[in-house]
Amino acid sequence: MENMVYAEELVREFLVFRGFTNTLQAFVKELGTDIGKGFQVDKILDLIFSIYIPKFQAENLIQLLRFFNNCFSSHETHLISVISELDISIIHYYIIHAIQAGRKDKVIELFDIHGTELLQKDQHWASWFAIPYIKAPQSEPQFRVYFSKEWSNALHLSLRNFLTKMFNGTRIPALMKISSERNMVSRLKGDIKQLNFKLAQLQVSLEEKETQLHQLRSNSLLATEVIVGTDSSSNPLAGSGEPIVFVPASHVICVSASAQAGEREPKHSEDIRPDDTQVSTSKISNHSGQSERNTGNDAQREEEFPEVRVDFQETFLGHTSPISRCRFSATGDNVASASVDGTVRIWTYDSSAPTSRNATIYCGAEIMSLEWECKSDRLLLIGTADGGIKAWNVDAKRVVCDLSCTEAFPSVLDLKCSPVEPIFVSAAASRWPGSSDIGKLGYASLTVWNMRTWKAMTVLPLGEDPPPITSVCFNHNGKLLAAAATDGMIHMFDMSAGLQITGWPAHDSAISSVLFGSDETSIFTLGVDGKIFEWSLQNQGKVLWSSDCSRFCNLRSSSHYKHEMALDAYGRRLLVTSNSLRAPIYQVRGHAYGMRTLPHSASITTVDWHPTSPIFLTGSADHSVRVTSMA
């Protein structure tokens, strides 16, 4: 039935598209008087035994039987004979019901109109023409069986079984297969998401095991027997002033600077380079102390991160200028990407997904922020450098609302939708004349907008002449809003009251991006100095984890407006934009190695994670956007 309804909607849509209005009217009229009831067996049986026969609608009954004869006329000969026998039995049932109800006139009326036709099909009807004139036909041997309850029940069951068999075995039109294939694709996507979730769990478990193995190897390295000889009398080379290092022959090891930090595996003798053979006494003696000081993610330089293992990668080349923002939709099926020329493209990376939502939006100004509606993929919010906020309906393919911030705050730095309520928050800033640098913006404005009326509801209090808010983020239930400012402060707002409830200095420099942790007990901040902190929300001011990406992402030298970070669905991997050709992926609160993305041909300006799968986005100054699925 679902396939039938969907196919009918497709026909309607096509007729409207082609302008066949008369055909559409006829089609709608035919649907309103659908004699076959959409081939639903229960409805057909109700029509016959609960309407046509009890209400003595003989003409409608005959038309229905003709309709099914035409539907099944192409089937095998023995089935056609079965259809003919069922037709006769149904008319018998009509006659018997009329006689039992005392309506012999309806039997006479049936024979007057259709008697000749019935007699031509089967000569046995000649004896039935006398039945309305017999006083007690139920006593006649010829008719006695038709008055029994067993015969009527057998007719009901036979007709149900026959119709069920015929409808299930009927060749399905190609138009109806579209719905089945669509449902199959949807089920497969669901299965893929579940498998991706299981895969991500296994990857997390694997990383934990690799971390434990790495720790064991590090401990083994520390336990290696290293004896430094300093007695010149016992060795003729002592007088040269060079230390003598004795290492067991089976454990010849070259210790590099990063290996002393406990983050690299020992190299075997065949891997030693000529410039690695000199090991100073001071490095060996301080090895243990350096290991203790350099534990965690900072011990390994990001340049030495291994390349991410890729399952598949798709590259979108639809832009003609550097990418400024890219975002997955709420389901992850669609992607919105913006370039500095003021163009937004909506596209999909899955070849099996429909492309009906693909679109190009020309905004006429630099795109500074993108945000999808949290509950669906229907709306996309676009913030521009001229104070505009556009709401794009991806189904209707048009701008449904074009808002404007006040002239005093033309730069819409960030937009965030509530995950629960139909509201969103815009972080806008004033701008000093001729300035676009994040540190040279003017003052901030945080506005809450209603997505039903498309009107401003309130302006969140920030105090007098507040520094610009560069990034905002809702928690999982939309009750808290975190806002990061250029003075290094984090502001927390109670959205139900519309008031600031707390705040603390998080960085010595401007903050570029802020995110809630996946467990909602922490918050991540990225400063323009390249420092990343994870702050506890239960113990304000406590740092749970930190990293320094300034070596990999020199944010101060960036030619783009604002760098950002993205956290995966499980809160374990943090992807950061980069002035290099690769972006680092940090392992949060773990000793395992981080990873590096595959290279673009220019700096990576924007990043995002898929909402449920280990898939991430990277947008680059080389005009490309890549979707990468981790293996």
Side-chain angles (χ1 to χ4, degrees), residues 319 321-330 335-346 359-374 378-394 398-418 422-431 435-438 441-451 454-457 459-460 462 468-474 481-486 511-515 560-564 566 577 605-608 617 619:
H319 289 277
S321 60
I323 309 301
S324 57
R325 293 289 173 266
C326 61
R327 294 289 183 269
F328 277 113
S329 62
V335 175
S337 54
S339 49
V340 296
D341 62 359
T343 302
V344 178
R345 301 290 298 268
I346 298 175
T360 302
I361 310 163
Y362 300 98
C363 298
E366 180 186 355
I367 310 299
M368 306 191 76
S369 50
L370 287 177
E371 174 73 354
W372 287 90
E373 181 187 17
C374 293
R378 190 172 58 90
L379 285 177
L380 175 69
L381 301 180
I382 307 168
T384 63
D386 62 356
I389 301 175
K390 299 180 185 295
W392 176 267
N393 187 308
V394 295
R398 64 185 181 90
V399 174
V400 294
C401 189
D402 200 345
L403 306 173
S404 294
C405 298
T406 60
E407 294 182 0
F409 303 100
S411 300
V412 183
L413 301 182
D414 203 7
L415 296 168
K416 283 296 182 295
C417 290
S418 168
I423 62 172
F424 73 92
V425 173
S426 65
S430 59
R431 183 180 299 176
S435 172
S436 62
D437 186 82
I438 193 171
L441 293 170
Y443 303 119
S445 174
L446 274 182
T447 306
V448 182
W449 302 81
N450 188 306
M451 296 179 69
W454 298 110
K455 294 181 179 180
M457 297 171 58
V459 176
L460 298 177
L462 289 170
I469 299 297
T470 58
S471 179
V472 292
C473 185
F474 279 97
L481 179 77
T486 56
I511 302 175
S512 183
S513 183
V514 62
L515 295 170
H560 285 273
Y561 197 72
K562 184 184 71 171
H563 277 259
E564 60 188 15
T577 51
T605 56
T606 178
V607 294
D608 195 24
L617 279 175

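The structure presented is a predicted model; accordingly, all values stated were derived computationally and were not measured.
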Just by modelled atom types, is the Ile423 backbone N or O under 3.5 Å from a matching donor or acceptor in the Ser418 side chain?
no
Would you check if the side chain of Ser369 reaches a backbone N or O of Val412 as a donor-acceptor pair within less than 3.5 Å?
yes
Please report the interatomic distance CH2(Trp392) to CZ(Arg378), rounded to the nearest 0.5 Å.
14.0 Å
Nearest non-hydrogen partners of Leu379 and Met451, listed with the distance:
CD1-CE, 4.1 Å
Rounded to the nearest 0.5 Å, the CE atom of Met368 sits from the SG atom of Cys363 at a distance of 13.0 Å
What distance separates Leu370 CG from Arg325 CZ, expressed to the nearest 0.5 Å?
8.0 Å
Could you pull out the closest heavy-atom pair between Cys473 and Val514, with the gap in Å?
CB-O, 3.8 Å
For Ala428, give me all partners under side chain to side chain contact (heavy atoms under 4.5 Å, CB included), at least two apart in sequence or on another chain.
Cys405, Phe409
Restricting to side chain to side chain contact (heavy atoms under 4.5 Å, CB included), what partner residues turn up for Ala391, sequence neighbours left out?
Leu381, Val400, Cys401, Trp454
Kindly indicate whether the side chain of Val448, heavy atoms from C-beta on, has any atom under 4.5 Å from the side chain of Leu481.
no
For Glu564 and Thr577, indicate whether the former's side chain and the latter's backbone hold a donor-acceptor pair under 3.5 Å.
no
Quick check against the 3.5 Å criterion: does Thr447 have a side-chain atom that pairs as donor or acceptor with the backbone of Ser426?
no
Taking the side chain as C-beta and beyond, is there a heavy-atom pair between Trp372 and Ile346 under 4.5 Å?
yes
Pairwise distance CG(Leu403) to CD1(Ile382) - rounded to 0.5 angstrom
11.5 Å
Looking only at atom types and distance, does a side-chain atom of Glu366 sit under 3.5 Å from a main-chain N or O of Ala385, one as donor and one as acceptor?
no
Has Asp414 got a side-chain atom pairing as donor or acceptor with Val472's backbone, closer than 3.5 angstrom?
yes
Identify the heavy atoms of Leu413 and Ala429 that sit nearest to each other, and give their distance.
CD1-CB, 4.0 Å
The criterion is side chain to side chain contact (heavy atoms under 4.5 Å, CB included); which residues satisfy it with Ala485, sequence neighbours excluded?
Pro467, Ile469, Asp487, His491
So CD1 of Ile511 and OG1 of Thr486: to nearest 0.5 Å the spacing works out to 9.0 Å
Check for a donor-acceptor pair, side chain of Ser321 on one end and backbone N or O of Ser339 on the other, with a separation under 3.5 Å.
no
State the OG-CG distance between Ser329 and Asp608, to the nearest 0.5 angstrom.
10.0 Å
